[in-house]
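Throughout, protein chains are lettered first and strands after them, A, B, ... in sequence-line order, and every chain is numbered starting at 1. Note that the structure is a prediction, hence the values are computed from the model and not measured.
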Amino acid sequence: MGTRMNWQRWLMVVPAVLFFVVFALFPMAIAVYYSGLQWNGIGAAKWVNLMNWQQVLHDGEALHALRLTGEVMVLSWVFQTPVSLMVGVFLAGRQKHRAVFGVFYFVPLLFSSVAIGVTWSYMLNPNFGLIDALLKSLHFGSGNQNWLGNTHIALLVVSMIIAWQFIPFHSLLYQGGAKQIPDSLYEAATIDGASVWSNFFSITLPQLKYTIITSSVLILTGSLTYFDLIYVLTGGGPGESSTVLAMDMYKQAFVNQNIGLGSVLAVILAVAGVLLSILTLRFTGFNRMESQLEGM
Amino acid sequence: MLKKQKAFISTSVTVVLAAGVLVTGCGNTSAGGSQSNSSASNASGKASITIWDIQTGQSQQVVKNMSQAFNQSHSSIQSNVQFFENDPYKQKIQISMGAHNPPDIFVGWGGGVLKSYIDAGDVYDLTSALNSDSSWSNRFLPSVMKPVTFNGKVYGIPNDNVQPVMLFYNKQLFKQYNLTPPKTWDDLLNDVKVLKSHNITPISLGGKDQWPDLMYEEYLVDRVGGPTVFNNVVTGKANAWSDPAFMKANTMIQQLVNAGAFEQGFSSVSSNQGEDAALLYTGKAAMELMGSWGFATVLSDDKSFIEQGNLGFATFPTVSGGQGDPNDIVGNPSNYYSISNDSKNKSADVTFLKDAVLSSQNVKDWISIGDVPPVQGIESQLKQATYGDYLSFTYDMVKNAPNFQASWDQALPPSEAQELLTDLSKLFLNQMTPQQFSDDMNKYIKS
């Protein structure tokens with residue numbers, strides 16, 4: 001053992017570190033550098049110190065985008081967590097037909113975001129859309145609902161479509177988590193005469209604690225980067241009512257050809273993501289990683 | 001407002017990224033590296049000239065034919081056209097200009113971008129060449145020359161087709177409810193009222209894409225205040241967006257919205273995906289304000305609608321008491337060829353522009369694929385072509401226009417154009433008042 005082993009250990013880490021530096025740290029450093037430039041992406045760049053930062057922080061637009069991102073985050077968690085949890089626990093059961101259901105539940109995750117966006121925007125079309133026709137034929141409302149063009153509900157509708165796309169993934173996490181719970185716990189509870197509900201709340205839910213945390217961190221940090229679906233569904237509109245931070249970053253950097261301002265938003269996004277993960281992990285004690293199966 | 005441009009936004013992301021890497025990583029040396037087109041002549045003593053163009057499909061074939069015909073009739077000049085995709089081209093030409101390694105002749109849209117090259121001394125002044133040959137300078141419709149004319153000097157000539165914005169309407173519906181295409185703003189409001197009362201959507205609008213909103217703004221501002229109003233914005237006059245004409249036009253837009261002129265949910269209807277045109281040819285909506293390419297959209301989506309003679313077209317209504325000429329139009333005037341100052345074969349370049357571009361055969365080719373070239377005296381040719389009514393109408397609009405305003409989102413710097421589109425969509429949604437619109441847009445004027 002001794003030093004030789006250490007050297008080998010370090011060698012094993014090299015590829016991971018290399019990838020991290022090249023694909024994570026280096027681009028982040030570049031973005032920080034760009035955030036100090038006045039540059040259209042093509043011509044000569046001018047160093048302007050903190051001008052872009054001042055502009056972003058004084059401009060209501062970025063704050064508006066930040067608020068919308070927060071809204072998407074909350075809506076995503078509220079929509080996705082309970083449903084994924086229920087679907088996941090359900091699929092973790094033993095009956096055979098559940099595997100078939102599982103395949104159906106999983107399908108949305110297999111489509112690309114753009115395909116999902118285009119399909120849903122056709123279905124929600126206020127004039128020719130399937131959803132409207134369906135509601136009208138069932139005598140719910142008068143039709144011509146402006147799902148994606150109404151400033152008050154556009155973000156809500158987008159969040160629901162995002163949930164539709166990602167619930168399968170989180171269900172899979174919960175399914176895996178629920179399958180790990182030892183049968184002996186349930187057997188003991190059954191002997192004690194526990195009901196299905198108390199089984200769920202006293203055994204399943206506590207045992208899934210870390211799965212819930214993992215899934216929540218993924219949902220919250222993921223919400224920061226939702227872009228493709230929103231781009232296809234609303235393009236950030238109507239007005240600016242779905243221009244979340246990632247959308248704003250794209251618009252600033254590429255549509256307005258203002259790479260500096262876009263980079264400021266990119267840095268904010270990266271910092272927010274890191275902070276969010278750290279906070280969630282600290283807050284929930286996830287990083288202590290104590291065992292849930294002590295004494296078994 | 002260029003339809004193609006919007007459709008390729010995703011491509012442009014990649015390209016901007018790639019261009020960024022190119023500029024930062026490799027400097028300017030690799031930009032257009034394969035181009036050694038400014039070499040004066042090849043081995044056989046022929047002057048070789050390179051043209052960069054962006055046409056696709058049938059249009060590309062027209063340009064290829066033009067170049068081949070030219071080479072056959074000019075033994076001392078070899079023309080060579082290279083085609084690029086629309087958005088990548090914009091970056092490519094900009095980089096090659098900066099690197100002083102541009103093609104001899106390059107395609108463009110006139111306006112602000114061309115102006116920036118002219119200011120950098122990169123574009124050849126065609127004025128004297130045009131003046132010395134009146135049969136050449138008189139070939140083009142005057143209203144189309146504005147985007148390439150700066151301080152009375154001409155820096156480009158049109159090379160393809162005109163795309164004015166016009167009012168399309170469903171003839172069947174108009175007949176059914178005894179309506180006539182609106183000649184005045186009050187006619188329009190009245191038509192809206194009648195159609196509303198019969199549960200027909202008066203006007204189809206693809207508000208999701210935002211640029212269709214702009215066409216109303218462009219026309220109304222011109223009708224109310226004339227071309228100087230927007231010129232003041234372009235030239236950066238302080239508070240130019242507060243001109244009473246903007247206030248009036250924006251009030252009229254909201255008047256139209258509040259009268260229920262547009263379909264339910266217009267803010268989520270996409271023009272890029274042809275949803276607005278679908279409302280028109282399915283008879284759900286009676287009118288649509290659209291560039292001349294709207295005809296091609298309907299033709300490809302529902303040919304029978306046109307063949308049964310149901311698609312009508314009219315000019316934008318007049319506004320009583322307005323300062324603008326009612327014959328003024330907005331849209332995309334044309335694409336243009338310009339000669340770069342770095343070209344070593346300028347006389348050969350001029351010969352090419354004079355003899356090949358929009359020559360009589362070239363004009364015939366454009367018309368044969370349903371395009372209207374901005375050339376004088378082709379009335380009878382257009383009339384005889386398939387869909388001659390429509391081609392003649394388009395041509396007359398441009399011919400009779402004292403002013404052909406190029407789409408504002410092309411004329412303004414990108415960030416101002418983007419803010420304009422966003423603010424306009426808010427105006428259409430009643431999220432912004434005309435006053436707020438003017439105040440916000442004024443921030444973008446840099447004096």
Would you mind checking which part of A:Leu233 comes under 4.5 Å of any heavy atom in chain B, side chain (CB onward), backbone (N, CA, C, O), both or neither?
-> backbone
Which bit of A:Val114 comes within less than 4.5 Å of chain B, counting heavy atoms only: side chain, backbone, both or neither?
->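 No part of A:Val114 comes within 4.5 Å of chain B.
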Would the number of heavy atoms belonging to other residues, nucleotides or ligands and lying under 6.0 Å from CE of A:Met51 be above 12?
-> yes
Quick check: are there more than 12 heavy atoms from other residues, nucleotides or ligands sitting under 6.0 Å from CH2 of A:Trp164?
-> yes
Got a second to check how far [X]'s [atom1] is from [Y]'s [atom2], nearest 0.5 Å?
X	Y	atom1	atom2	value
A:Asn256	B:Glu416	CG	CD	11.0 Å
A:Tyr122	B:Gln273	OH	CD	4.0 Å
A:Phe254	B:Gln418	CZ	CD	14.0 Å
A:Ser121	B:Lys208	OG	NZ	5.0 Å

Which portion of [X] sits near chain A, non-hydrogen atoms under 4.5 angstrom:
X	result
B:Thr282	side chain
B:Leu429	side chain
B:Ala278	both

Of A:Asn125, A:Asn146, A:Asn127, the one forming a side chain to side chain contact (heavy atoms under 4.5 Å, CB included) with B:Ser268 is A:Asn146
Most contacts with chain B, counted as non-hydrogen pairs under 4.5 angstrom, among A:Thr234, A:Thr243, A:Asn258 = A:Thr234
Please collect all salt bridge (Lys or Arg N to Asp or Glu O under 4.0 Å) contacts where either partner lies in residues 225-244 of chain A, sequence neighbours excluded, each pair once.
->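 Listed once each, the pairs are A:Glu240-B:Lys426.
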Shortest non-hydrogen pair, B:Lys284 vs A:Phe128, comes out as CE-CE2, 3.3 Å
